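Atom set for the values below is all heavy atoms of this structure, side chains included, hydrogens, waters and symmetry mates excluded. It should be emphasised that the depicted structure is a prediction, and the values quoted were computed from it without experimental measurement.
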Amino acid sequence: MDVLKQLLGRLHPLVVHLPIGFIMLGLLLQAYDRKKKEYNAVLSLIYLWAGISASLACLTGYLQYLGEGYAFDTVKWHLWSGIATALFSFLMYAQLKGIQAVDFLSKLPMVGWSVLFFILVSFTGHQGGNITHGEDYLIEPLPNSIKSALGFETFEEKEISLNETNWQEALIYEDVIKPILNNKCVSCHNPKKAKGELLLNSEEGILKGGESGAVIEASKASESELFTRLVLPMDNDDHMPPEGKSQPSKEEIQLVRAWIDAGSPFEKTIAESGLDKALFLSFFPKKADFDHPDIEIPAASEEHIKAIEKTGVHIDPISKSSNFLSVSCINQAAFSDADFEALLPIKEQISRLDLGHTKITDAAFSKLAELPNLTILLLDHTAITGKDLHLLAPLEHLKSINLTGTALKPEHLEALNGFKNLQRLYLFGTEATPESVKLNNPKISIDYGNYQLPPIPSDTIVY
């Protein structure tokens, strides 16, 4: 019997759209026929079917309320307005059929009853939407300031703030778990809206559980609903938060699991809880990685920039928040060692320099060494052999060098062992191979190119 009750109850979201369709059709047809009154017979039939389908929706809705464990305070307005909608449908049917038992309806013009009917069905549908998606479903994307101005209760986003220095001393519940619950769960489980009679805004509420019982089984995350509902498939009715709500990340879910498995401590620090550092690394601040040094410098002279651009060299600002420049000779293939002098008036501002496909040689390294903030250097498809690479060692901001397609000699790369911050080296199309390059600088990642994609079955298909 319980199975049948649940099955019929879950038909409610489907059945409930039938009376809405009938009612809206009836109201639209009434508006169209308000003068001629030619369709009263059709309208009465429409409202009869609206009343029958609304009664069926009320029955399935009530069974869903019993079977799904909703609190009565959550569904009462939707329930009573649904019953009122069904009764109103039958009254509209009776009025259109001229049944004397409801003559009192004639005291208010039909247009007035139609307006009231529209308001009633809209209110009923709105209450049903609140149950399914939550009261804040439509306004959820809005900033908290706008929500507050509209009179909606807001729950301020709490950030997990951890770093290398403080992570061990941080309180596991207050500083980590509580922000997760606050940001993803409390909008439906708070004193003003306790879905399932469950409160997740406090230690007391979490430990008390909801109408289905405890949500935490001591040290057993796999048996605790607070965790298991998070990992259910999104299309599962028991998945929490419900579809359409902001979902916790994989890292946040793993933290909830680890916290429960550690005994769900509320007062302990992370260190006292015995949790591994790896669980928290994704919440550490990310170090910005720019194509320019993280320092402030004066802007380059517009006069100097215009003079350089007249030679065919292209100059762009790296970003709006920085005075560093990106310089490219992509349209100046004839650029040579002698032309480098023209760049020196803006040597402080050059952070990214593209000399690929130009006529520069190893003689350019002595000039490159004068660019104190050089970060990204492209020398691809040039006559560079690398014999003077060591001259760039003092450039403390240099992170990437592209030597693709150059005349590079592998033995000259040993000079890179002295580079403090070099991270990427591109050597595709050179004599360099993994066997010939002898570097003991672990910071440098070498890209030899020549990538081969693995074959897939579709490669053999002939179109």
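Within the 4.5 Å cutoff, no side-chain heavy atoms of Val176 are placed close to those of Phe283. Within the 4.5 Å cutoff, the side chain of Leu427 has heavy atoms near those of the Ile446 side chain. Within the 4.5 Å cutoff, the side chain of Asn201 has no heavy atoms near those of the Asn182 side chain. Using a 4.5 Å heavy-atom threshold, the side chains of Ile315 and Ile346 count as touching. Residues Leu413 and Leu425 meet the side-chain proximity criterion, which asks for heavy atoms closer than 4.5 Å. Contact annotation: the side chain of Ser351 approaches that of Pro293 to within less than 4.5 Å [non-hydrogen atoms, C-beta and beyond]. In this structure, the side chains of Ser264 and Tyr173 stay at 4.5 Å or more apart for every pair of heavy atoms. The shortest side-chain heavy-atom distance between Asp238 and Thr228 does not fall under the 4.5 Å cut-off.
In this structure, the side chain of His189 engages the main chain of Leu198 through a donor-acceptor pair within 3.5 Å. Looking only at distances, no side-chain donor or acceptor of Glu169 sits under 3.5 Å from a matching main-chain atom of Ile270. Panel note: side chain Asn421, backbone Glu396; a donor-acceptor pair is recorded below 3.5 Å. When atom types are taken as modelled, the side chain of Asn183 and the backbone of Pro179 share a donor-acceptor pair closer than 3.5 angstrom. A donor-acceptor contact shorter than 3.5 Å links the side chain of Gln349 to the backbone of Pro298. Although no hydrogens or angles enter the test, the distance criterion places no donor-acceptor pair under 3.5 Å between the side chain of Asn166 and the main chain of Leu162. Side-chain atoms of Ser322 never come within 3.5 Å of backbone atoms of Ser319 as a donor-acceptor pair (strictly under, hydrogens ignored). Side-chain N or O atoms of Asp261 include one that pairs as donor or acceptor with a backbone N or O of Ala221 at under 3.5 Å. Using a distance-only test at 3.5 Å, with no hydrogens or angles considered, a donor-acceptor pair links the side chain of Thr430 to the main chain of Ala432. Here the side chain of Asp380 pairs no donor or acceptor atom with the backbone of Gly405 at under 3.5 angstrom.
Listed here is the closest heavy atom pair of Met240 and Leu230: O-CD2, 3.2 Å. Considering all non-hydrogen atoms of both residues, Pro241 and Pro248 come closest at CD-CD, 3.6 Å. Nearest heavy-atom pair, Glu223 versus Glu217, reported as atom, atom and distance to 0.1 Å: O-CG, 3.2 Å. Nearest heavy atom pair, residue Leu389 against residue His412, reads CD1-O, 4.2 Å. The two residues Thr433 and Ser436 come nearest to each other via the heavy atoms N-OG, 2.8 Å. Nearest heavy-atom pair, Leu416 versus Ile444, reported as atom, atom and distance to 0.1 Å: O-CD1, 3.7 Å.
For Leu28, the side-chain contact (heavy atoms from CB on, under 4.5 Å) test picks out no residue, with sequence neighbours left out. Scored by the salt bridge (charged side-chain N to carboxylate O under 4.0 Å, His left out) test, Glu225 finds Arg229 as partners (sequence neighbours excluded). Residues passing the ring-ring contact (aromatic ring centres under 6.0 Å, His included) test with Phe419: none are found, sequence neighbours excluded. With sequence neighbours excluded, no residue forms a salt bridge (charged side-chain N to carboxylate O under 4.0 Å, His left out) with Lys268. In this structure Thr382 satisfies the side-chain contact (heavy atoms from CB on, under 4.5 Å) test together with Thr358, Ile360, Leu379, Ile384, Thr406, sequence neighbours excluded. His381 is linked by a ring-ring contact (aromatic ring centres under 6.0 Å, His included) to His357, counting only residues two or more places apart in sequence or in another chain. Every residue meeting the side-chain contact (heavy atoms from CB on, under 4.5 Å) condition with Leu25, not counting sequence neighbours, appears here in chain and number order: Ile46. A search for salt bridge (charged side-chain N to carboxylate O under 4.0 Å, His left out) contacts involving Glu164 returns Lys277, not counting sequence neighbours. Taking the salt bridge (charged side-chain N to carboxylate O under 4.0 Å, His left out) definition, one finds that Glu348 meets it with nothing, sequence neighbours left out.
The side chain to side chain donor-acceptor pair (under 3.5 Å) analysis of residues 44-62, with sequence neighbours excluded, yields the pairs His12-Thr60, Gln30-Tyr47. Pairs engaging residues 410-420 under the salt bridge (Lys or Arg N to Asp or Glu O under 4.0 Å) rule: none recorded [sequence neighbours left out].
With Leu398 as reference, Leu377 is the one residue of Ile376, Leu377, Thr375, Leu368 to meet the side-chain contact (heavy atoms from CB on, under 4.5 Å) rule.
Interatomic distance, CD1 of Ile177 versus CD of Glu252, reported as 9.5 Å (0.5 Å rounding). Of the inter-residue distances, the one linking Phe22 atom CZ with His17 atom NE2 reads 14.0 Å to the nearest 0.5 angstrom. Between Leu29 atom CG and Leu43 atom CG the span is 4.5 Å, to the nearest 0.5 Å. Here the CD-OG1 distance, from Glu267 to Thr269, works out to 11.5 Å after rounding to the nearest 0.5 Å. Annotation: the span from Trp167 atom CH2 to Leu275 atom CG amounts to 8.5 Å, rounded to 0.5 Å. Distance check: Gln423 CD to Lys399 NZ gives 5.5 Å after rounding to the nearest 0.5 Å.
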List the atom pairs, with distances to 0.1 Å, where a side-chain N or O of residues 80-88 and a protein N or O form a donor-acceptor pair under 3.5 Å, not counting sequence neighbours.
{"from": "Ser81", "atom 1": "OG", "to": "Trp77", "atom 2": "O", "distance (Å)": "2.6"}
{"from": "Ser81", "atom 1": "OG", "to": "His78", "atom 2": "O", "distance (Å)": "3.2"}
{"from": "Ser81", "atom 1": "OG", "to": "Thr124", "atom 2": "OG1", "distance (Å)": "3.3"}
{"from": "Thr85", "atom 1": "OG1", "to": "Ser81", "atom 2": "O", "distance (Å)": "2.8"}
{"from": "Thr85", "atom 1": "OG1", "to": "Thr124", "atom 2": "OG1", "distance (Å)": "3.1"}

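Within 6.0 Å of CD1 on Ile330 lie no more than 12 heavy atoms contributed by other residues, nucleotides or ligands. Within a 6.0 Å sphere centred on OH of Tyr32, heavy atoms belonging to other residues, nucleotides or ligands number 12 at most.
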Can Asn417 and Leu439 be said to form a side-chain contact (heavy atoms from CB on, under 4.5 Å), step by step? CA-CA 6 Å; Asn417 286 318; Leu439 288 182; 3.5 Å; yes
Let me see the working for Arg424 and Asp447 under side-chain contact (heavy atoms from CB on, under 4.5 Å), right down to the final yes or no. CA-CA 8 Å; Arg424 299 285 291 175; Asp447 190 334; 3.7 Å; yes
